[in-house]
Amino acid sequence: MTFHSMWAELLPIGRSSASGGYRRFAWTGADRDCRAWFEEQATARGLTYEVDRNGNQWAWLGDPARGDAVVTGSHLDSVPDGGAFDGPLGVVSAFAALDELRDRDARITRPLGIVNFGDEEGARFGLACVGSRLTAGQLTVADAHRLTDGDGITLPRAMEAAGHDPDAIGPDPERLARIGAFVELHVEQGRALDLSGDRVGIASAIWPHGRWRFDFRGEANHAGTTRLADRRDPMLSYAETVLAARREAELAGAVATFGKTAVEPNGVNAIPSLVRGWLDSRAADQDSLDAVVAGVEKAAGEYAAAHGVDLAVTRESFTPVVEFDHALRDELARILGTDSDLKVPVLGTGAGHDAGILSGSIPTAMLFVRNPTGVSHSPAESATEDDCVAGVLALADVLEGLACR
């Protein structure tokens, strides 16, 4: 089965006819269909298929118990109305790269694995990379069991409804100990490759990043009868804080976004009692990120005090800077550097990935495929067929260099 036919099979799953974007949320019907697709691809190739204790899917060529395995893959879930490429490109390319190795009659001497990590985007339960975090021991079982979606459904309940045992989740050091290298291919979430004119790139590092929840509590009241002077309107403080986030990010050369908001009582003719907003901020270094968040918190506190509003700020997640394994990164550059027609720049990224989560436990690396729009987490996310094929061939070269010694 070719890359194109696999891509065509996966493309309709979870796609919204209204937006054209994808709604493949963890442990939902669309996620189930994606997981079924993964299993079908594994069995069609005669690979050993398994689901681990945290719901991650694996397909193996060779026995992983031998150790020093080479693994590739990514995720199949999406953000709300996300694009087609973020995550799925890495999984489809993994199967296509294996097909390419077989077409080359490559002699694979190390166990080779393909993985689909569960709930990477965190769209349903609010925490990114749940599957890989649990596996690496970066998310406790107790904290995982407290995760709840917008409808009040807990992660354990959702997993159980999908046929997975939530009591089994937890760290999986034995599995990680079997992996000698993990290489994740991903569409670039930015325009660095487009601007440089290169089809494929190698990741150097992931910027430090996190999510902070800002709770502005005021007083609900009638929108038509309450004097402006008598109002304790948290929406005003929140709106000013959104602008402050942009200002602080510009000053630090970073990025900051309030992309999600919850309002109570959420009535057109009611002054809110609560406005809750989630800040996502990322920067090239820790000092810059700290400066942004501190600046936003300071501004939010001043705005809240001015409007008689209470403020609470909670850090919900944080990932420090991730430097990918230098030896593995350099090996990828060496392998791909043998193709004189393929320039492979090394670049950083502000986006988080499962490879970043696993980097503290095993050697990890990433390949990026050019995104001509630079847009991601949107239906406008794209990659040309030629660039996708270039990514597959680059990944196949890497797997051959690592697993066919």
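Predicted model only: the values in this text are computed from it and were never measured.
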When you measure from the side chain of [X] to the backbone N and O of [Y], does any donor-acceptor pair fall under 3.5 Å?
| X | Y | value |
| --- | --- | --- |
| Glu188 | Ala192 | yes |
| Asn54 | Ile169 | no |
| Arg15 | Gly21 | no |
| Asn56 | Gly118 | yes |
| Ser74 | Gly90 | no |
| Ser204 | Gly348 | yes |
| Tyr303 | Lys298 | no |
| Arg276 | Thr261 | no |
| Thr28 | Phe25 | yes |
| Arg232 | Gly308 | yes |

If you compare all heavy atoms of [X] against all heavy atoms of [Y], which two are closest, and at what distance to 0.1 Å?
| X | Y | result |
| --- | --- | --- |
| Ala181 | Arg110 | N-NH2, 4.4 Å |
| Val130 | Leu139 | CG1-CD2, 4.0 Å |
| Ala365 | Ala355 | O-CB, 4.3 Å |
| Ala84 | Leu11 | CB-CD1, 3.9 Å |
| Ala270 | Ala223 | N-CB, 3.9 Å |
| Gly170 | Val141 | CA-CG2, 3.8 Å |

Measuring only between side-chain heavy atoms, which start at C-beta, is [X] closer than 4.5 Å to [Y]?
| X | Y | answer |
| --- | --- | --- |
| Trp27 | Arg32 | no |
| Ser382 | Pro372 | yes |
| Asp386 | Arg199 | no |
| His75 | Asp119 | no |

- By salt bridge (Lys or Arg N to Asp or Glu O under 4.0 Å) - contacts of Arg247 (at least two apart):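 Here no residue qualifies.
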- Message: Just to verify, what does Asp194 make a salt bridge (Lys or Arg N to Asp or Glu O under 4.0 Å) with, not counting sequence neighbours?
- Response: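 Partners of Asp194 under the salt bridge (Lys or Arg N to Asp or Glu O under 4.0 Å) test: Arg191.
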- Donor on one side chain, acceptor on other, Ser376 and Glu381, under 3.5 Å: yes
- Gln189 and Asn371: side chain donor to acceptor below 3.5 Å: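 Not at all, the side chains of Gln189 and Asn371 share no donor-acceptor pair under 3.5 Å.
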- Task: Begin with the C-alpha distance, continue with both residues' side-chain angles, and end with the deciding distance and a verdict on ring pair (Phe, Tyr, Trp, His ring centres under 6.0 Å) for Trp7 and Phe85.
- Result: CA-CA 10 Å; Trp7 191 254; Phe85 294 85; 4.9 Å; yes
- Message: Could you check whether Arg175 makes a cation-pi contact with Trp58, meaning its NZ or CZ is under 6.0 Å from the centre of the six-membered ring and within 45° of the ring axis?
- Response: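 Yes, a cation-pi geometry.
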- Could you please spell out the steps behind the side-chain hydrogen bond (donor to acceptor under 3.5 Å, both in side chains) verdict for Ser132 and Thr135? CA-CA 5 Å; Ser132 56; Thr135 300; over 6 Å; no
- Task: Would you please classify the geometry between the Phe368 ring and the His353 ring as parallel, tilted or perpendicular, with 30° and 60° separating the classes?
- Result: tilted
- Message: Tell me whether the rings of Phe38 and Tyr49 are parallel (<30°), tilted (30 to 60°) or perpendicular (>60°).
- Response: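 It falls in the tilted class, 30° to 60°.
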Any chance you could measure [X], atom [atom1], to [Y], atom [atom2], to the nearest 0.5 Å?
| X | Y | atom1 | atom2 | value |
| --- | --- | --- | --- | --- |
| Thr154 | Phe125 | OG1 | CZ | 7.0 Å |
| Asp290 | Ser281 | CG | OG | 9.5 Å |
| Arg53 | Asp172 | CZ | CG | 6.0 Å |
| Asp310 | Asp215 | CG | CG | 10.5 Å |
| His377 | Thr257 | NE2 | OG1 | 11.5 Å |
| His222 | Ile271 | NE2 | CD1 | 9.5 Å |

Should the pair [X]-[Y] be classified as a salt bridge under the 4.0 Å nitrogen-to-oxygen rule?
| X | Y | answer |
| --- | --- | --- |
| Arg24 | Asp31 | no |
| Glu100 | Arg104 | yes |
| Arg66 | Asp68 | no |
| Arg282 | Asp280 | yes |
| Asp149 | Arg124 | yes |
| Glu316 | Arg211 | no |

- Task: Begin with the C-alpha distance, continue with both residues' side-chain angles, and end with the deciding distance and a verdict on side chain to side chain contact (heavy atoms under 4.5 Å, CB included) for His145 and Leu155.
- Result: CA-CA 6 Å; His145 278 236; Leu155 174 64; over 6 Å; no
- Query: What's the verdict on side chain to side chain contact (heavy atoms under 4.5 Å, CB included) for Leu47 and Leu98, showing C-alpha distance, side-chain angles and the deciding distance?
  - Reply: CA-CA 11 Å; Leu47 305 178; Leu98 174 58; 3.8 Å; yes
- Might you work through the side-chain hydrogen bond (donor to acceptor under 3.5 Å, both in side chains) test for Glu121 and Ser78, ending with a clear yes or no? CA-CA 6 Å; Glu121 295 289 7; Ser78 76; over 6 Å; no
- For the pair Asp198 and Ser196, evaluate side-chain hydrogen bond (donor to acceptor under 3.5 Å, both in side chains) and give the outcome as yes or no after the intermediate values. CA-CA 6 Å; Asp198 299 306; Ser196 67; 2.8 Å; yes
- Can the ring centres of Phe258 and Tyr238 be said to be less than 6.0 Å apart?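 Aromatic pair counts; centres sit under 6.0 Å.
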Kindly check if the number of other-residue, nucleotide or ligand heavy atoms within 6.0 Å of [atom1] ([X]) is above 12?
| X | atom1 | answer |
| --- | --- | --- |
| Arg246 | CZ | no |
| Arg157 | CZ | no |
| Glu160 | CD | no |

- Task: Apply side chain to side chain contact (heavy atoms under 4.5 Å, CB included) to the pair Arg329 and Ile202, showing each step before the final yes or no.
- Result: CA-CA 7 Å; Arg329 182 193 66 196; Ile202 298 173; 3.7 Å; yes
- Quick one: do Val398 and Leu336 satisfy side chain to side chain contact (heavy atoms under 4.5 Å, CB included)? Show the steps, please. CA-CA 7 Å; Val398 165; Leu336 297 178; 4.0 Å; yes
- Task: Please step through side-chain hydrogen bond (donor to acceptor under 3.5 Å, both in side chains) for the pair His307 and Asp233, ending with a clear verdict.
- Result: CA-CA 7 Å; His307 296 293; Asp233 187 350; over 6 Å; no
- Task: Just jot down the side chain to side chain contact (heavy atoms under 4.5 Å, CB included) partners of Asp285, sequence neighbours excluded, or say none.
- Result: Asp287, Ser288
